[in-house]
2 protein chains.
Amino acid sequence: MDNDVSLPRDFDALRTMILDRREVLPKRLAQIAAYALSNPDEIAFGTAASIAQTAGVQPSTLIRFAQHLGFDGFTSLQSVFRERLRERQVSYEERLSALRGDTHGLSTNRVILNGFLTAASHSIETISHNVEEEVLESAVNILAGAETIYLLARRRSYPITAYMAYAFGKLKIRNQLIESTAGIDPEILSFAKPSDAAIAISFSPYASATIEHAAALAARNVPVVAITDSAFSPLAQSAKVWFEAAEGDFSGFRSLSGTMALAMALTVSVAEKRRSF
Amino acid sequence: MDNDVSLPRDFDALRTMILDRREVLPKRLAQIAAYALSNPDEIAFGTAASIAQTAGVQPSTLIRFAQHLGFDGFTSLQSVFRERLRERQVSYEERLSALRGDTHGLSTNRVILNGFLTAASHSIETISHNVEEEVLESAVNILAGAETIYLLARRRSYPITAYMAYAFGKLKIRNQLIESTAGIDPEILSFAKPSDAAIAISFSPYASATIEHAAALAARNVPVVAITDSAFSPLAQSAKVWFEAAEGDFSGFRSLSGTMALAMALTVSVAEKRRSF
DNA sequence: ATCAAGACGGATCAGTTATTCCATTTTGTC
DNA sequence: GACAAAATGGAATAACTGATCCGTCTTGAT
């Protein structure tokens, strides 16, 4: 349309072209541009309709986007994304060595990054094998029935509950994150009733505050769902149901990836369950 | 349909299966088998009609071929070929293949959990391929040289900086988490000097506070390292270096796994670098 | 040579595709 | 603030998709 002279044949050229025009693109077209560059595989394999949906636009906008760049339709734009995947296949062996133990010629930084990525992927694997159907179901049941969900975690586990608090909030599920900025946690927790529930997360070495709070709640018949690392964890004793989430770690820091995925799954499952009430 | 118990979910398994049956396959089906193994890319991208033509058979034969192998149609066979191109990390693919695809007979809870686990593993893969050596190095250099590291993130990105704050603390690296509980963020940030540095994390839809703070810091020559989702992000403009971390998501919630691993790698790399001073 | 069982080709079908078109909204200019 | 131009959403459409079906052909055991 407005650029017939140089229509990009390969992905890099296309990428550059899009980045060049980023400021002059209309809103929806820019939205697609951003999506396309960060999810090129989706463009390569998806259909106009499916891509439009995940990118949050209309299919027609996708076609306009392609035409705006000089292609004669979505299909020709898509073929550039497909070409990219075919070519990349060549350098695939070199990529493989990146994550394997092969640290030759890699910078320290890269070794560290790979370490964390590997630890993360191990966590995910472990979770997927260790989580049992019944445990998952009863945890979801407990939480879905709760009036308020209390979130207990400290230190390295705190980010998990922070994200859960955010997600519960978005999903309009009442929750209370125990953060102790003012040191009044015991008072807040004293409001918890048996019709509420708590999620407690802690790994060895266990944060004493989390353990104590969980025990206190359990003593008052508030059901506790725990995520911890073994059956010997003091959390497991206070918990009505508990998940074993042995996280991989690298140089002393846990990956959190598996636990994070489990936590989000719990969150969304609870919302899903409530919707069916 | 001579369906065996297990139908291959990844390309290698499919390849082995086809090679096993090579002699027992009827003529036309063998013809397709040979074509498929030597032109896997064509199968991945083509349509049943186009593949049939270049392979010299009828489209219906292609579908019969797929069904003969135990798939329920050409489409499911094709998805195996597509998966092969999509997953650059073969080892991950093998490990996680159990997770993907069939949701038959799984509980809703399990489907949701698998969704998050898959999204997490995608994130990790993406990060491992998108992070470039130079970007990583210059980010580490900036941060290692900083007196105080300011951590900016809101909402869904907040858990990342929360964990970084914890890890930096453990590693005795001076840092300041911008949390705004008292609404005095601008004042705290006004202390930042060019000899400090900031890490800003935000994904679309970007948290305005993070964007503004990052821009303010950049304007005062405080170097900003950003983690965001595309070149279109307003964060990328304020940043001296920025990482692209397109996180997989499931039912609207980002996985955070890849970003978390990247953040931890940055944290530890900075500590490592400082130790060498 | 016969004949049943499987393999095959090709017409057909329901569903989906990319695309077009037009009414409406948004944007930019004077 | 008014107006033209551009952008956008969404319904409509024609082409094409994968899959099915059935008559014909091939194969191989008897």
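If you're wondering where the values come from, they're calculated on a predicted model, not measured in any experiment. In what follows, chains carry the letters A, B, and so on, assigned in the order in which the sequence lines appear, proteins first and then strands, with residues in each chain numbered from 1.
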(message) Within the 4.0 Å limit for protein heavy atoms, which parts of nucleotides 23-30 of chain D are touched? Write it as a string from 5' to 3', B for base, S for sugar-phosphate only, - for none.
(response) --------

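- From one end of the helix from C:dA1-D:dT30 to C:dC30-D:dG1 to the other, with five pairs defining each end axis, the axis direction shifts by 30° (rounded to 10°).
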Can you give me the N/O atom pairs linking the protein to nucleotides 10-14 of chain D at distances under 3.5 Å, or say none if there are none?
from	atom 1	to	atom 2	distance (Å)
D:dG10	OP2	A:Gln58	NE2	2.5
D:dG10	N7	A:Ser60	OG	3.3
D:dG10	O6	A:Ser60	OG	3.1

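- By the 4.5 Å heavy-atom criterion applied to side chains, A:Leu117 and B:Leu262 are not counted as neighbours.
- B:Asp41 places a side-chain heavy atom less than 4.5 Å from the side chain of B:Arg84.
- Partners of A:Thr126 under the side chain to side chain donor-acceptor pair (under 3.5 Å) rule, at least two apart in sequence or in another chain, do not exist in this structure.
- Of all nucleotides in DNA chain C, those with any atom nearer than 4.0 Å to a heavy atom of chain B start and finish, going 5' to 3', at C:dA7 to C:dG10.
- Every salt bridge (Lys or Arg N to Asp or Glu O under 4.0 Å) that A:Glu42 has, sequence neighbours left out, goes to B:Arg86.
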(request) Might you work through the ring pair (Phe, Tyr, Trp, His ring centres under 6.0 Å) test for B:Tyr158 and A:Tyr166, ending with a clear yes or no? (result) CA-CA 9 Å; B:Tyr158 168 70; A:Tyr166 168 79; 9.9 Å; no

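- Side-chain atoms of B:Leu177 and B:Tyr150, non-hydrogen and from C-beta on, never get closer than 4.5 Å to each other.
- Under the ring-ring contact (aromatic ring centres under 6.0 Å, His included) criterion, the residue pairs touching residues 14-54 of chain A are A:Phe45-B:Phe45, with sequence neighbours excluded.
- As a whole-Å value, the separation of B:Phe74 CZ from D:dT20 P is 14 Å.
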Under 3.5 Å, side-chain donor or acceptor atoms of residues 231-246 of chain B against the rest of the protein: list the pairs with distances, not counting sequence neighbours.
from	atom 1	to	atom 2	distance (Å)
B:Ser233	OG	B:Thr228	OG1	2.8
B:Ser233	OG	B:Leu235	N	3.0

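- The shortest non-hydrogen separation linking A:Ala120 to B:Ile124 is CB-CD1, 3.4 Å.
- Checking side-chain atoms of B:Glu179 against main-chain N and O of B:Arg154 turns up no donor-acceptor pair under 3.5 Å.
- OP1 or OP2 of D:dG18 has not a single side-chain nitrogen or oxygen of B:Gln78 nearer than 4.0 Å.
- Applying the side chain to side chain donor-acceptor pair (under 3.5 Å) rule to A:Asn130 yields no partners; only residues at least two apart in sequence or on another chain are considered.
- At a threshold of 4.5 Å between non-hydrogen side-chain atoms, the residues A:Arg64 and A:Thr61 count as touching.
- Each of D:dT8, D:dT20, D:dA19 was ranked by its minimum atom distance to the side chain of A:Leu29; first place goes to D:dT8.
- Listed in residue order, the members of residues 43-55 of chain B having a heavy atom less than 4.0 Å from DNA chain C come to none.
- Not counting sequence neighbours, B:Arg15 has no partner by the salt bridge (Lys or Arg N to Asp or Glu O under 4.0 Å) test.
- Shown here for B:Leu256 and A:Met260, the closest heavy-atom pair between the two residues is CD1-CE, 3.8 Å.
- Whole-Å rounding puts the A:Leu62 CG to D:dT8 C1' distance at 13 Å.
- Among pairs with a residue in residues 207-221 of chain B, none fulfils side chain to side chain donor-acceptor pair (under 3.5 Å), at least two apart in sequence or across chains.
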